[in-house]
Amino acid sequence: MNVLLIEPDVVQAQVIGKALMPLGHKVYHVASAQGAVHVSDEHTPDLIILEPQLPRHNGFEFLYEFRSYTEWQNIPVILHTMLPTSELTAPVLSRELGVVSVLHKPDTSLSLLADTVQALIHA
Amino acid sequence: MQSGAYLSEQEALFLSVTEQLVRPFLQIARISELADQEQWQTVRTIADSYLQIAESYALSLRAHGKITPLKLEPIAVSALLYDTAHSLSAFAKQYGVELEVDAGTRQQPIIADRTILQSAMISLGQVFVLAQSESDDMAPVRLSAHKSRYGVVAGMYGSASLGAESLRKARLLQGKAHQPISQLVSGPAAGVFVADSLLQVIKTRLHVAKYHNLTGLAATLPSSSQLQLV
C-alpha cells in the first residue's frame, strides 16, 4: 500500500518510514504541501499521515485543497501532530476533511502509529 | 502569569523555546523504539520523561494563553491516579522507585480538564520519583486521594524532603514566592512549577500536605455535588 507521509521533520519521517516499510508499505515522504500534490499525482496514496504544522503552509488549508480533487476525496487521513488534541475540532476534521484518526505525537509510539495504519488500510 | 490573559512576550518566548525542545526529545524517543537493546529502552524512558515535562509546560502556557481551550468533564480522581501511576511506571522503574496508589474510599467525582490534571500529576510524580531515588531509604512514592472538607485532595507523598521548600522554589519561578530565598532554583522545582502552573488553569494550587507520616504536595479539587446526585 502507498502511504503518503507529510512530515516536515526529516528525522521523524525516516523513523516512521522504517517502522512502516517492514509491514509492506511504500512510504513516500514529503516535507511540504506542494510536494504532497506532486507525489500524489505520481503515486496515488492509499493513506495519508499528515503533520498539519507545515512550513509556509497550513496543513488544514492544504487538506481542503487536496479534497477538492475528486480522485483524492476518499483517501483516509491520519493527523499525526504536535498540536494538543483539545485544539482540534474532531467533528469538523472528520466531516469536512476525512480525518479518520488524530494522534498526538508525544503520546504516540511507533507501534501505535503502525497499528493505526494497519487497521485503517485493512478496514 | 495571569489567567485569562493572552501570552505575554516572555510567555510566547518560553512557549517557542519549549516547543523547540520537544522536538529532539521526540526524535530520540522514536529512534530508540527501533532498537531492541536494553540501553535503548533506557534512552527512550529518559527522552519520554523530558518530553513529558516540556509538553506539560507548553500545555500550561497554551492553556493560560487560551490557545488551548479547557475541556471540563467529570473525573474519578482514583482512576486518574491509577492512570498516572501507569504513566510513571517505566520512569519509576528506571530509578528503582516503587509507586503505590492509595485511592482511599470512594470519592465524589470532580469536574476538571482531564489532560491538564493528568499532566500536572505526572509532572509532580516525576519530581517525587527523582527525589526518592536520591534519598537513602527505599520507601515508595504514594499517589493518594482522600476526601476533605473542601473536596478531594490528590497528591504525591514520599519520605524524601519534598514539601514547603520545593513549593517555594517553584513559586519563585513564577515570581510568586511569599518569602525570598537565596538559593538558585534548580532540580525538581521545575516539575513542581509546571504542575502548579497547570493546576492554576483549573483554579486550584499545590499545597503542602500530610498523609500518615509522609509529607507531600497535593491539590484540593472541589467535588461536584451535582454529579454526586446523578
Side-chain angles (χ1 to χ4, degrees), chain A residues 3 5-25 27 29 31-32 49-55 58-60 78-94 102-118, chain B residues 15-16 18-36 40-41 43-45 47-73 83 86-87 90 112-119 122-123 198 201-202:
Chain A
V3 176
L5 174 60
I6 308 171
E7 170 57 67
D9 184 335
V10 176
V11 174
Q12 283 193 62
Q14 288 170 347
V15 174
I16 292 168
K18 283 181 181 171
L20 295 183
M21 283 188 288
L23 302 173
H25 303 306
V27 179
H29 169 235
S32 69
I49 302 173
L50 168 68
E51 164 58 88
Q53 292 185 296
L54 296 171
N58 178 320
F60 297 110
I78 296 174
L79 279 194
H80 185 232
T81 179
M82 293 299 299
L83 290 171
T85 48
S86 48
E87 289 180 28
L88 303 169
T89 313
V92 174
L93 292 173
S94 168
V102 178
L103 299 174
H104 186 220
K105 277 181 181 171
D107 304 325
T108 305
S109 63
L110 285 177
S111 55
L112 175 59
L113 178 62
D115 287 349
T116 307
V117 167
Q118 290 296 86
Chain B
L15 180 58
S16 173
T18 308
E19 289 181 340
Q20 190 81 39
L21 279 174
V22 164
R23 188 164 158 160
F25 288 130
L26 191 59
Q27 290 171 342
I28 293 166
R30 295 300 162 260
I31 289 169
S32 64
E33 275 189 74
L34 292 174
D36 291 330
W40 278 105
Q41 181 60 43
V43 171
R44 184 185 169 191
T45 304
D48 274 340
S49 66
Y50 286 95
L51 178 60
Q52 196 282 329
I53 199 85
E55 266 286 293
S56 293
Y57 183 46
L59 176 63
S60 87
L61 287 170
R62 296 175 81 93
H64 277 288
K66 299 200 181 301
I67 300 168
T68 297
L70 283 181
K71 277 191 175 174
L72 300 178
E73 58 182 306
D83 288 346
H86 178 71
S87 299
D113 182 302
R114 182 182 299 277
T115 305
I116 285 176
L117 187 54
Q118 182 97 63
S119 297
I122 293 172
S123 299
L198 282 164
V201 176
I202 51 173

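Order of the sequence lines fixes the chain letters, A, B, ..., with proteins taken first and strands second; residue numbering starts at 1 for each chain.
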Which side chain or backbone donor-acceptor pairs connect chain A with chain B at less than 3.5 Å?
unit_1: A/D9; atom_1: OD1; unit_2: B/Q27; atom_2: NE2; d: 2.9
unit_1: A/D9; atom_1: OD2; unit_2: B/R23; atom_2: NE; d: 3.2
unit_1: A/D9; atom_1: OD2; unit_2: B/Q27; atom_2: NE2; d: 2.8
unit_1: A/E87; atom_1: OE1; unit_2: B/R62; atom_2: NH2; d: 2.8
unit_1: A/E87; atom_1: OE2; unit_2: B/R62; atom_2: NE; d: 2.6
unit_1: A/E87; atom_1: OE2; unit_2: B/R62; atom_2: NH2; d: 3.1
unit_1: A/E87; atom_1: OE2; unit_2: B/T68; atom_2: OG1; d: 2.3
unit_1: A/H104; atom_1: NE2; unit_2: B/E55; atom_2: OE1; d: 3.2
unit_1: A/K105; atom_1: O; unit_2: B/R30; atom_2: NH2; d: 3.1
unit_1: A/P106; atom_1: O; unit_2: B/R30; atom_2: NH2; d: 3.4
unit_1: A/T108; atom_1: O; unit_2: B/R30; atom_2: NE; d: 2.9
unit_1: A/T108; atom_1: O; unit_2: B/R30; atom_2: NH2; d: 3.0
unit_1: A/L110; atom_1: N; unit_2: B/E33; atom_2: OE1; d: 2.9
unit_1: A/L110; atom_1: N; unit_2: B/E33; atom_2: OE2; d: 2.9

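No option in A/L103, A/V27, A/L5 other than A/L5 meets the side-chain contact (heavy atoms from CB on, under 4.5 Å) test with A/I49.
Using a 4.5 Å cut-off between heavy atoms, A/L113 makes no contact with chain B at all. Heavy atoms of B/I67 lying under 4.5 Å from chain A belong to its backbone as well as its side chain. Heavy atoms closer than 4.5 Å to chain A are found in the side chain of B/L26, but not in its backbone. Contact annotation for A/P84: only side-chain heavy atoms (C-beta onward) come within less than 4.5 Å of a heavy atom of chain B.
The shortest heavy-atom contact between B/V201 and B/A63 is CG1-CB, 3.7 Å.
At a threshold of 4.5 Å between non-hydrogen side-chain atoms, the residues A/L110 and A/V15 count as touching. Looking at heavy atoms from C-beta onward, A/L50 lies out of side-chain contact with A/F60 at the 4.5 angstrom threshold.
Listed by chain and number, the residues in a side chain to side chain contact (heavy atoms under 4.5 Å, CB included) with B/A112 are B/I75, B/I110, B/L117, B/I202 (sequence neighbours excluded).
Of the listed residues (A/I16, A/L83, A/V11), the one with the most heavy-atom contacts under 4.5 Å to chain B is A/V11. By number of non-hydrogen pairs under 4.5 angstrom with chain A, the leading residue of B/L59, B/L70, B/L34 is B/L34.
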